[in-house]
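Proteins come first, then strands; the chains are lettered A, B, ... in the order of their sequence lines, and each starts at number 1. Note that the coordinates shown come from a computational prediction; the quantities given were computed from them, not determined experimentally.
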Amino acid sequence: MSRYNFKDSEARWQAAWAAAPSYAAQDGDPRPKYYVLEMFPYPSGRIHMGHVRNYTIGDVIARYKRARGFNVLHPMGWDAFGLPAENAAMEKKVHPRTWTLENIATMRAQMKTMGLFIHWDRELATCLPDYYVEQQKLFLAFHRQGLVYRKKSWVNWDPVDMTVLANEQVIDGRGWRSGAPVERRELSQWFFKITQYNDELLSALDTLDRWPEKVRTMQRNWIGRSEGARVFWKLQGRDDSLEVFTTRPDTLFGASFCALSPGHPLTKELAAKDPALAAFVRQCEALGTSEATIETAEKLGYDTGLRAQHPLDATQSVPVYVANFVLMDYGTGAIFGCPAHDQRDLDFARKYGLAVIPVVAPAGQSPEERAAFVAKLATSDTTAFDGDGEAINSGFLDGLPVAAAIRSAIERLEAEGHGQGTVQWRLRDWGVSRQRYWGTPIPFVHCAKCGVLPVPEDQLPVELPEDVTFDRPGNPLDHHPTWKHTSCPGCGGAATRDTDTMDTFVDSSWYFLRFTSPHATEPFTRKAADYWMAVDQYIGGIEHAILHLLYSRFFTRALRDCGYLDIAEPFAGLFTQGMICHETYRDAEGQWLTPQEVTREGDRVSTLDGRPVTVGRVEKMSKSKKNVVDPERIIAVYGADTARWFMLSDSPPDREMEWTESGIEGAWRFVNRLWRLVSEGGALAPAGQPLPDSLVADGASPAGAALRATHSAIAHIGEDLERFHFNKAVARVHELANTLAALKDDTAEIAWVRRFGVESIARLIAPMMPHLAEEIWAYLGGEGLLFDQPWPQADARFLDQGTVKIAVQVNGKLRATIDLPRDSDRAAAEAAALDNESVQRFLEGKVPRKVIVVPNRIVNVVV
RNA sequence: GCCCGUGUGGCGGAACUGGUAGACGCGACGGACUCAAAAUCCGUUUUCCGCGAGGAAGUGGGGGUUCGAGUCCCUCCACGGGCACCA
């Protein structure tokens, strides 16, 4: 019994493909183009299973589309700037560049063992000057176009390490290294004007019909267009007003307080004279800048003592608080609170003893019901009412439904000069400044005389200095003894470079364009971009559903407006894959164990000390829980095809998948089973023998049925791959292999079908298990490489089954199935159903009231 | 807290646009081959009742729409992703 020798086979076929004249992606080739792209990896060290899943999916699509006659582009690169390289520099005393380039070399070699059809001649790394010089040019182009500006914004500040912290580096309000409580600090930073494209980024989502609906919904909510009003509350004892934004001006008569963000200018002014308020603001700032942290923290407020006059009723006024949950970045940084109709306001009102005034009630209530509704809102165990209804206790609004009351309130506010209707967006401009070393330097110079000036293009790139140290916290570019000192491009006098680098999301917002002409001395050539863009199929993790994809959509539009492109949308098709999970294990002490440190059979014990192991939940693979499986080991033990096959089996690719050792073994068994089916599964007809006439009409014999099963598999698997239903494609290959293996005789017909069947399997599995497919193709004496063969076509003559099984229900419960010729008419189906013995029994002699017939599917008899 | 998902046998999952729930795989059990084991092959496998024919229940919980609901609606629960300086 022969085992499939993947070690020999995989290396051999990988070399053969790379040497194939047809391998490269040809600019301007007459075939229709197809650009397949997976989100490029961060070079963290070694590839992980998430990469294997991502690149397997992409490779299936690339190879499948190639077989379908497309000129496929499938490139790979490295998202190579970022925080982990600097952390490694601090911990391991290795230069970020060295660390990154070594990781790339390791990961590239690992990926090559997967047998991916990738155009390595187009490889790029964002940390290399030949990439980031072009990015600096784009930054200057955006600046000329008015899409770049500077403003102040808040960062997390570690007062001990004297450094800016990423949100990830703030743990429970403390710096991750120093342990010091963080503060918020305001810095002057660079911004991209993404909000200029609010409308377009929102409305164009409707055109992205090959994106998952969930991603479009998430982006829609993120952009967050909402209609409402700006309302001015006159501050008593002062000359100015407090401006708040609300989507519910109809609830103004229910207002019982106003609240300012801790970062609001009025807060700052008041805190300057009120030490207690200043202390409260410091307390709020200790939360850091993360919205999740701010929104989940306990709601706290501070009464400033100011009162604001009600905009619709000058006789009323409300207290002005500073509250920790009011965001400075949304609306005006101030709100009014209507506790009866907003849960957060209600919690706040109860905590600080503020009034709860119901101003909306369900329509159509009796006076008693209305009284009970109002009374209930005053009790402490009720929730706010945010449903539709009619205005009450609201003067001129009384009786109006919510939408009409909003309109009416806005009219009145505008007429009296106390506010105006407005559209508010949640999306904020994109802050791209980072106070770090390992990123693209921002090509600007600060001059005391001339201000902030762009570096002239002929002086680009502004390269990162090599000789930097990480022995003290803060930005190494700032510490560097000489790097930042330069001359002013305006006056020639002494000036300093901007020491900020760009957010790494900038790097990933245009790399897909760079792949179209990776060696150009401009960001990309117009010709190549016009030919290859947009990306036809983009594939990556759902965790990028908002930021990366939105930034790339913005970037493409900005490039269009700078004259680089005609298109607006970078990714015509998007597929988001799920995470890879694994069981977790803990030893007797509660310490995490790796899967290899646990026995697999019977009572699970540690292979280290033989003591019992607690098997925990199936969770996302992560180093911290040690539930990771190294792809390199899997590929070494089972081969790339087996790893790829298991990745595609079982779990739909957009969902989480659980990695199991038994699953990979099952895939390995199937690889060998297929190879045996081909090499020792019985007589195969010689190549090129025509289809025996005896098989055309015969659908019932084993050979005829197997022929039809093969055509059915051909018809369905292509469709499955188009729709990313890889698990179903895998199941169909299993079924076909089972059918073929069940053919026991060696008649001429069976030998013919067997040959046709295994050859078809080779073609059908080629995108998924390319090495094995190639090996089968060669074994069968196929010409050239299967890599260059077109996708098979099903013959319609063999797809129709003739009869169909129809379910018969009585009162919706299945009672029988009947066989009928396909497309039998309703009367025939009804008659056959009523004639059925089991149906008669359940009718108990009664006359059916109604009979529902769905052709070719079901008959439901209702009594 | 807010936004978006997911929930089906012992397990991963299948079920096209509301029409036979459990395809395919894993595991388990029984058998064949073998001195034995591995590998391989054959069979059984949602649960409950029944010797059997057959019947009943069943897609996270509760409610609803429908001749018919895993699929649509309401509500609750659990888990996952994102929340703008992780990538």
Practice task
Round to the nearest Å and state the distance from A:R815 atom CZ to B:rA56 atom C1'.
Solution key: 10 Å

Exercise for the section: Is it possible for you to check whether A:R150 lies under 6.0 Å from the centre of the six-membered ring of A:W190, through NZ or CZ, and within 45° of that ring's axis? Expected result: yes

Exercise for the section: Write down the distance between CZ (A:R617) and P (B:rG12), rounded to a whole number of angstrom. Expected result: 14 Å

Exercise for the section: Would you mind classifying the nucleic acid contact of A:P652 as base, sugar-phosphate or nothing, using non-hydrogen atoms under 4.0 angstrom? Expected result: sugar-phosphate

Practice task
Calculate the interatomic distance between A:D347 atom CG and B:rG1 atom C1'; express it in whole Å.
Solution key: 10 Å

Handout entry: Verdict with reasoning, A:F40 to A:Y511, per ring pair (Phe, Tyr, Trp, His ring centres under 6.0 Å)
Key = CA-CA 9 Å; A:F40 65 164; A:Y511 76 106; 3.6 Å; yes

Practice task
Using a heavy-atom cut-off of under 4.0 Å over every strand shown, decide if A:T817 touches base, sugar-phosphate, or nothing.
Solution key: base

Exercise for the section: Could you state the atom-to-atom distance from CD1 of A:I852 to P of B:rU20 in whole Å? Expected result: 14 Å

Handout entry: Spacing between A:L740 atom CG and B:rC41 atom P, to the nearest angstrom
Key = 14 Å

Practice task
Just name whichever nucleotide pairs with B:rG1, Watson-Crick or G-U, keeping both distances under 3.5 Å, else none.
Solution key: B:rC83

Fill in the blank from the handout: 5'-most contact on RNA chain B (nearest-nucleotide basis), A:R673 vs A:E658, goes to A:E658

Exercise for the section: Would you indicate what A:W222 reaches in the nucleic acid, counting non-hydrogen atoms under 4.0 angstrom: base, sugar-phosphate, or nothing? Expected result: base

Practice task
Using atom CE of A:M39 as one end and atom C1' of B:rC86 as the other, report the distance to the nearest whole Å.
Solution key: 15 Å

Practice task
Starting at atom CG of A:D720, determine the distance to atom C1' of B:rA15, rounded to an integer number of angstrom.
Solution key: 13 Å

Exercise for the section: Have a look at A:H548 and say if it touches a base, only the backbone sugar-phosphate, or nothing, with a 4.0 Å heavy-atom cut-off. Expected result: nothing

Practice task
Provide the Watson-Crick or G-U wobble partner of B:rC11, both distances under 3.5 Å; none if there is no partner.
Solution key: B:rG25

Problem - Nearest-Å distance for atom pair CG/P, residues A:N167 and B:rC83 - result: 9 Å

Practice task
Please check the phosphate of B:rG1 (OP1 and OP2 only) for any side-chain N or O of A:R344 closer than 4.0 Å.
Solution key: no

Problem - Closest listed nucleotide, where the reference is the side chain of A:N860 and the choices are B:rA14, B:rG68, B:rG81 - result: B:rG68

Practice task
Check every strand shown and say whether A:R849 touches a base, only sugar-phosphate, or nothing at a heavy-atom separation below 4.0 Å.
Solution key: nothing

Exercise for the section: Determine, for A:F348 and A:K299, whether the Lys NZ or Arg CZ falls below 6.0 Å from the six-membered ring centre while staying within 45 degrees of the axis. Expected result: no

Completion exercise
Comparing A:A731 with A:K850, nearest RNA chain B nucleotide closer to 5' gives the residue A:A731

Handout entry: Proximity of A:F646 and A:W659 rings by center, below 6.0 Å
Key = yes

Handout entry: Touch class at under 4.0 angstrom, heavy-atom based, for A:F505 against every strand present
Key = base

Practice task
Please state whether the phosphate of B:rA14, meaning OP1 or OP2, lies under 4.0 angstrom from any side-chain nitrogen or oxygen of A:N727.
Solution key: yes

Problem - Out of B:rC85, B:rG82, B:rA23, whichever nucleotide has its closest atom nearest the side chain of A:D503 - result: B:rC85

Practice task
Could you check whether A:D329 gets within reach of a base, just the sugar-phosphate, or nothing at all, counting any heavy atom under 4.0 Å?
Solution key: nothing

Problem - Nucleic acid contacts - residues 294-301 of chain A versus RNA chain B, non-hydrogen atoms under 4.0 Å - result: A:E295, A:T296

Exercise for the section: Find the partner of B:rU66: check Watson-Crick (N1-N3 plus N6-O4 or O6-N4) and G-U wobble (N1-O2, O6-N3) distances, both under 3.5 Å, and reply none if neither fits. Expected result: none

Exercise for the section: Pick base, sugar-phosphate or nothing for A:T660, based on heavy-atom distances below 4.0 Å to the nucleic acid. Expected result: nothing

Practice task
Return the nucleotide paired to B:rG54: Watson-Crick means purine N1 to pyrimidine N3 with N6-O4 or O6-N4, wobble means G-U with N1-O2 and O6-N3, both under 3.5 Å.
Solution key: B:rC49

Fill in the blank from the handout: Of B:rG19, B:rU20, B:rC4, the nucleotide closest to the side chain of A:M218 is B:rC4

Handout entry: A:R53/A:E38 ion pair, N-O < 4.0 Å
Key = no

Practice task
Using a heavy-atom cut-off of under 4.0 Å over every strand shown, decide if A:V164 touches base, sugar-phosphate, or nothing.
Solution key: base

Handout entry: Pair A:F192 and A:Y551, ring centroids less than 6.0 Å apart
Key = no

Exercise for the section: Pick base, sugar-phosphate or nothing for A:M579, based on heavy-atom distances below 4.0 Å to the nucleic acid. Expected result: sugar-phosphate

Exercise for the section: Give the ring-plane orientation class for A:Y55 versus A:H51, where under 30° counts as parallel, over 60° as perpendicular and anything between as tilted. Expected result: parallel

Practice task
Select base, sugar-phosphate, or nothing to describe what A:Q435 touches, counting heavy atoms under 4.0 Å on all strands.
Solution key: base

Practice task
Check every strand shown and say whether A:L550 touches a base, only sugar-phosphate, or nothing at a heavy-atom separation below 4.0 Å.
Solution key: nothing

Fill in the blank from the handout: Taking B:rC85, B:rA84, B:rG54 as options, the one with an atom nearest any side-chain atom of A:R841 is B:rG54

Exercise for the section: Enter syn or anti for the glycosidic conformation of B:rG50, syn applying to angles within 90° of 0. Expected result: anti

Exercise for the section: Give A:E719 one of three labels, base, sugar-phosphate or nothing, depending on what nucleic acid heavy atoms sit under 4.0 Å from its own. Expected result: nothing

Exercise for the section: Would you classify A:L83 as touching base, sugar-phosphate or nothing, given that sugar-phosphate means primed atoms plus P, OP1 and OP2, and contacts are heavy atoms under 4.0 Å? Expected result: sugar-phosphate

Handout entry: Within the 6.0 Å centroid threshold, strictly below: A:Y131 and A:W510
Key = yes

Fill in the blank from the handout: Which of B:rG27, B:rC24, B:rC85 is nearest the side chain of A:Q189? It is B:rC85

Problem - Row check, A:W222 ring normal vs A:R426 NZ/CZ: under 6.0 Å, within 45° - result: yes

